[in-house]
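Have a look at the structure below, then the notes.
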Amino acid sequence: MVMGLLGHPAFAAENSSTPSRTLIIWFSQPEEMKPDAVDGFSGASVLQKYTPETGSTQFVAQLIQKQTLGDLFRLETATPYPRQHDALLRVAEKEQQTNARPSLKTPLPDLSNYDTIYVGYPIWWYTMPMVIYSLFEQNDFAGKTIIPFTTHGGSRLADSLRQIARMQPQARLVTRALSISRNDVSGPDVPVQVEQWVKQVQPQR
Ligand SMILES: Cc1cc2nc3c(=O)[nH]c(=O)nc-3n(C[C@H](O)[C@H](O)[C@H](O)COP(=O)(O)O)c2cc1C
């Protein structure tokens, strides 16, 4: 009988004791809000009109966590970025021009505990923030499923899938990555969009 089986202690024990094998790593840089900053080429996240401390990518990461019940890990750089838009643009541009590899503020969790790793980042200067290059060059994702997601101001995924595949050739890269414009991220459809996407890409255990 189905009810009996589902209520069986062995099932309950398995469900409650099996740790999630999903990790959600995200990088997001909320900016100091200027009222006229949202519409420029690289303007601040529209989300900040509503939730000042939440970056767009962070918001999407939280939706993915709700759906997967995975562990969240916020990627932060040892040297914090400026929160002023123009200063942030300049620092990010310089990092890219010098091909920098910013150091992480805190070490990653032990990746051996995870099979599926979502990695979220904004697009900066037509590619991933350089700290995402640090992440993929300095850690081994071999055998893991990497599921990228981005927020952006028009560049969608930019070159990020190609770059991740180059740096992690032994990983299974899900190319059906999620990419949400910062102009849409606070819209009413986004939670459902994320939920449906997770159902499509999340490997079944
Ligand atoms: C330094 C910088 C560079 C950016 N460059 C691009 C870009 O090349 N293409 C693009 O579509 N959006 C660009 N953007 C916009 C961000 O991708 C977008 O605002 C994103 O949603 C920010 O996510 P966050 O709030 O999680 O940090 C840039 C933003 C910043 C701060």
Side-chain angles (χ1 to χ4, degrees), residues 23-68 70 72-106 117-136 146-164 177-191 193-194 197-198:
L23 177 65
I24 303 142
I25 299 174
W26 56 276
F27 173 77
S28 188
Q29 184 54 53
E31 294 170 43
E32 193 179 79
M33 191 57 193
K34 279 192 276 168
D36 60 350
V38 289
D39 293 319
F41 157 72
S42 299
S45 161
V46 287
L47 257 193
Q48 293 174 49
K49 280 194 267 191
Y50 311 104
T51 50
E53 292 305 320
T54 307
S56 300
T57 314
Q58 174 178 2
F59 180 70
V60 177
Q62 287 166 347
L63 292 173
I64 295 170
Q65 195 281 330
K66 269 193 205 152
Q67 181 75 7
T68 58
L72 280 170
F73 179 76
R74 177 180 201 161
L75 210 58
E76 287 181 278
T77 49
T79 309
Y81 289 101
R83 291 176 61 92
Q84 297 77 22
H85 181 65
D86 293 343
L88 176 59
L89 281 179
R90 278 196 304 277
V91 170
E93 187 178 28
K94 178 137 190 253
E95 278 187 357
Q96 196 183 109
Q97 284 166 350
T98 57
N99 205 16
R101 294 292 179 271
S103 314
L104 307 193
K105 186 174 162 187
T106 37
I117 306 179
Y118 290 80
V119 181
Y121 43 87
I123 299 299
W124 277 8
W125 293 112
Y126 306 105
T127 187
M128 305 182 288
M130 299 318 282
V131 68
I132 304 294
Y133 288 79
S134 307
L135 170 75
F136 283 122
I146 300 175
I147 312 182
F149 62 99
T150 72
T151 67
H152 64 93
S155 302
R156 306 183 71 82
L157 291 158
D159 65 348
S160 58
L161 297 186
R162 190 162 51 80
Q163 296 294 349
I164 297 169
L178 181 68
S179 176
I180 300 184
S181 163
R182 63 164 181 241
N183 297 324
D184 298 335
V185 77
S186 54
D189 300 338
V190 167
Q193 184 189 351
V194 171
W197 172 73
V198 167

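Starting from 1, each residue takes its place in the sequence as its number. We count ligands from 1, going down the list as the structure has it; atoms in each ligand are counted the same way.
- Remark: R101 CZ is packed, more than 12 non-hydrogen atoms of other residues, nucleotides or ligands lying under 6.0 Å away.
- For ligand 1, the atoms sitting less than 4.0 Å from at least one non-hydrogen atom of E31 are 31 (C), numbered in the order shown with element in parentheses.
- Looking at R182, H85, H152, it is R182 that brings a heavy atom closest to atom 19 (O) of ligand 1.
- For ligand 1, the polar-atom distance check finds an N/O of S28 within less than 3.5 Å of one of the ligand's N/O atoms.
- Side-chain polar atoms of Y121 and T150 form no donor-acceptor pair below 3.5 angstrom.
- Looking at W125, W124, Y81 one by one, the single match for side chain to side chain donor-acceptor pair (under 3.5 Å) with E95 turns out to be Y81.
- Under a 4.0 Å criterion applied to the non-hydrogen atoms of A92, ligand 1 contributes the atoms 1 (C).
- With contacts defined as side-chain heavy-atom distances shorter than 4.5 Å, the pair T77/L104 does not qualify.
- Of the candidates I180, L157, T151, V185, it is T151 that places a heavy atom closest to atom 21 (O) of ligand 1.
- For the pair V119 and W26, the minimum side-chain heavy-atom distance is 4.5 Å or more.
- The option with the heavy atom closest to atom 22 (C) of ligand 1, from among S155, P122, G120, is P122.
- With contacts defined as side-chain heavy-atom distances shorter than 4.5 Å, the pair F27/T57 does not qualify.
- For the residue pair Y133/T127, the side-chain donor-acceptor check at 3.5 Å is satisfied.
- Counting atoms of ligand 1 from 1 in the listed order, those under 4.0 Å from a heavy atom of Y126 are 7 (C), 8 (O).
- Considering backbone and side-chain atoms together, F27 places no N or O closer than 3.5 Å to any N or O of ligand 1.
- Side chain of H152 to main chain of S181: a donor-acceptor pair is present (N/O by atom type, distance under 3.5 Å, no hydrogens or angles).
- Checked by distance only, ligand 1 and T57 come closer than 3.5 Å through their nitrogen or oxygen atoms.
- For ligand 1, the polar-atom distance check against G154 finds a nitrogen or oxygen pair separated by under 3.5 Å.
- Among the atoms of I123, some N or O lies under 3.5 angstrom from an N or O of ligand 1.
- Residue Q29 has at least one nitrogen or oxygen atom sitting less than 3.5 Å from a nitrogen or oxygen atom of ligand 1, judged on distance alone.
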